Structure formats: structure tokens, C-alpha cells
Amino acid sequence: MYLAMNRFKINPGHEAGFENVWRERDSQLSKVPGFLAFRLLKGPVDKETGQTLYASHTSWESEEAFSAWTKSEHFRQAHKNTGAHTDMYAGHPQFEGFTSVLSE
């Protein structure tokens, strides 16, 4: 299994808007071979900046399945509005990918 995560820092007051962008998106994920699950996770608020940490989390059968999705038309459609709403983001998302080495 492969886990793909993007971490987002969201400026104060934009949390609801950020969550709505994700709720209303056309993710295309259910149409992609190897996709298993998606979650949007809300983390803590940074005490100094007031920014809220979020992570998008997708599970895949393999890293190859994830990689194929990133090169697909489904990926392009799901990310076509990526440049919108720049006022809500405190910088670019940070990608992290993990290959499972142990499961229970």
C-alpha cells in the first residue's frame, strides 16, 4: 500500500472555505485504478501564526498506481482549479509519500 499526503497551512478565517473547496470538488478518484481511500484531516492551529494545518490523505494499492494517477486526465481534471483561492493558503502544500512496510 502507498499513502500520499499533502499538508496545507490555511490562513486564519479561511478554514470553512478551504473545507468547502474540498467538499465541492470533482475529485475523479473513484474512477482511478488502484485508488483505495481519501480523507481530509484537520490538525491544530499554530499558536504564533493562527494558521490551521490540514492534510489530504489518499491510500493506493501501490506507488505505481498513485504515479499513474498523477499522469492521468483524471488528475488534470481534479486539479484544474488549483491556482484559485490563493488567499487562503499560507504557502504551497507539502507533499509526503509513504510505502507501507508493516500492517496489522
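Note that the structure is predicted; figures quoted are calculated from it, not measured.
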Quick one: do Phe98 and Phe95 end up in the same hydrophobic cluster if we chain Ile, Leu, Val, Met, Phe, Trp and Tyr together by side-chain heavy atoms under 4.5 Å apart?
no
Are Val21 and Leu53 connected in a single hydrophobic cluster, I mean Ile/Leu/Val/Met/Phe/Trp/Tyr linked by side-chain heavy atoms less than 4.5 Å apart?
no
Could you tell me whether the side chain of Ser67 and the main chain of Glu64 form a donor-acceptor pair under 3.5 Å?
no
N/O donor-acceptor pair under 3.5 Å between Asn11 side chain and Asp87 backbone:
yes
Return the CG to CZ distance between Leu29 and Phe38, rounded to the nearest 0.5 Å.
7.5 Å
Do Met5 and Leu36 belong together in a cluster built from hydrophobic side chains that touch within less than 4.5 Å?
yes
How close do Thr49 and Pro12 get, counting heavy atoms only, and between which atoms?
O-CG, 3.7 Å
Is there a path from Phe75 to Trp22 through hydrophobic residues (I, L, V, M, F, W, Y) whose side chains come within less than 4.5 Å of each other?
yes
Can a side-chain donor-acceptor contact be found between Trp60 and Ser62 if the only test is distance below 3.5 angstrom?
no
With rounding to the nearest 0.5 angstrom, report the CZ to CH2 distance, Phe35 to Trp69.
9.0 Å
Rounded to the nearest 0.5 Å, what separation is found between the CG atom of Asn20 and the NE2 atom of His14?
13.0 Å
Would you say the ring centers of Phe66 and Tyr2 fall short of 6.0 Å from each other?
yes
Any chance you could measure Ile10, atom CD1, to Tyr89, atom OH, to the nearest 0.5 Å?
5.5 Å
Sequence neighbours excluded, which residues qualify as side-chain contact (heavy atoms from CB on, under 4.5 Å) partners of Pro33?
none
Could you list all the salt bridge (charged side-chain N to carboxylate O under 4.0 Å, His left out) pairs where at least one residue sits in residues 15-35, not counting sequence neighbours?
Glu19-Arg23, Glu19-Lys42
